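Throughout, a chain's letter reflects where its sequence line sits, starting with A, and its residues are numbered from 1. Heavy-atom basis, side chains included; hydrogens, waters and symmetry copies ignored. Given the structure is predicted, the values throughout are model-derived calculations rather than measurements.
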Amino acid sequence: MDLREVLSRSSLEAAPRLLGCYLVRQTPHGTIKVRIVETEAYHQDDPASHSFRGITKRTAPMFQAGGRLYIYFTYGMHYAINIVTGPAGRGEGVLIRAAEPLAGVKIMQTNRGIRDINKLTNGPGKLAQALGIFDTSLSGQILNKSSILLRPGEPLKDEEIVAAPRIGITKAADRPWRFYIKDNPFVSRV
DNA sequence: CCGGTGATGCCCT
DNA sequence: GGGCATCACCGGT
């Protein structure tokens, strides 16, 4: 699977294809590696998307060409990581909702302030905290040229991917634009 | 185990 | 000023 190809597609095409891929994060304390197990697609014609109302200072990265990070702050305390997809001007992104810890577990435990492996990265806010994302300074930066790298994973079979309604939104809540790896214990909710 | 709820600050109208 | 692409804790089972 060619990641450049995936990131050039729409968020709806990219979101399921990012499952199984790896995020590698460089921190001052060492390297963290996780495997993406849950994603959600957002795009400009989607009332639930930050890009729905057009370009703003915060959402500008969503309107750039695929392959950048879009990181936002919400609920007064949480950060969330998105991977921008699609051509420039389209306002698309894939929220990384959950991942499986592979390396740098001790660093993530310190960042999260807990020990339980099963609760380290099973939610967007938890994942950002585990990876040491404590501000929005990475938003707009190009993946693989920043301290976060995206690497291809083993291809998944169609029957291993579940599509379901997205979580935590009120608008367009019926659209099945959340994707996760079936039976994976690190998915935020089943 | 589960549902309800308070925390907390930025963005955008 | 309203509303969050959330989380952890609390109380009742």
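- Proximity of residues 66-75 of chain A to DNA chain B (heavy atom under 4.0 angstrom from any strand atom) is restricted to A:F73, A:Y75.
- At whole-Å resolution of the value, OH in A:Y79 and P in B:dT8 are 14 Å apart.
- Phosphate contact (OP1/OP2 of C:dG3, side-chain N/O of A:T170, threshold under 4.0 Å): absent.
- Comparing C:dT6, B:dC12, C:dA5 by their closest approach to the side chain of A:S49 singles out C:dA5.
- No donor-acceptor pair closer than 3.5 Å links the side chain of A:S188 to the backbone N or O of A:G123.
- Look at C:dT6: its Watson-Crick or wobble partner, with both distances under 3.5 angstrom, is B:dA7.
- Listed pair A:R178 / C:dA5 fails the phosphate criterion, with no side-chain N or O lying under 4.0 Å from OP1 or OP2.
- At the phosphate of C:dG3, neither OP1 nor OP2 sits under 4.0 Å from any side-chain N or O atom of A:K171.
- The nucleotide whose nearest atom lies closest to any side-chain atom of A:L95 is, among B:dC12, C:dC7, C:dA5, C:dA5.
- Residue contacts shown for A:A48 include a base, since a base heavy atom lies under 4.0 Å away.
- One finds a side-chain N or O of A:H50 lying less than 4.0 angstrom from the OP1 or OP2 phosphate oxygen of C:dA5.
- You'll find that the side chain of A:I169 is closest to C:dA5, out of B:dC12, B:dA7, C:dA5.
- Within the 4.5 Å cutoff, no side-chain heavy atoms of A:L149 are placed close to those of A:L23.
- For the pair A:R58 and B:dC10, the criterion of a side-chain N or O lying under 4.0 Å from OP1 or OP2 is not met.
- Looking at the side chain of A:K126, the nearest of the listed nucleotides B:dC12, C:dC7, C:dA5 is C:dC7.
- A:D46 places its CG atom 10 Å from the C1' atom of C:dA5, with the value rounded to the nearest Å.
- The pair A:D46-A:R166 counts as a salt bridge, with a side-chain nitrogen and a carboxylate oxygen less than 4.0 angstrom apart.
- Note: CZ (A:F179) to C1' (C:dA5) measures 15 Å, nearest angstrom.
- Aromatic ring centres of A:F73 and A:H78 lie farther apart than the 6.0 Å criterion allows.
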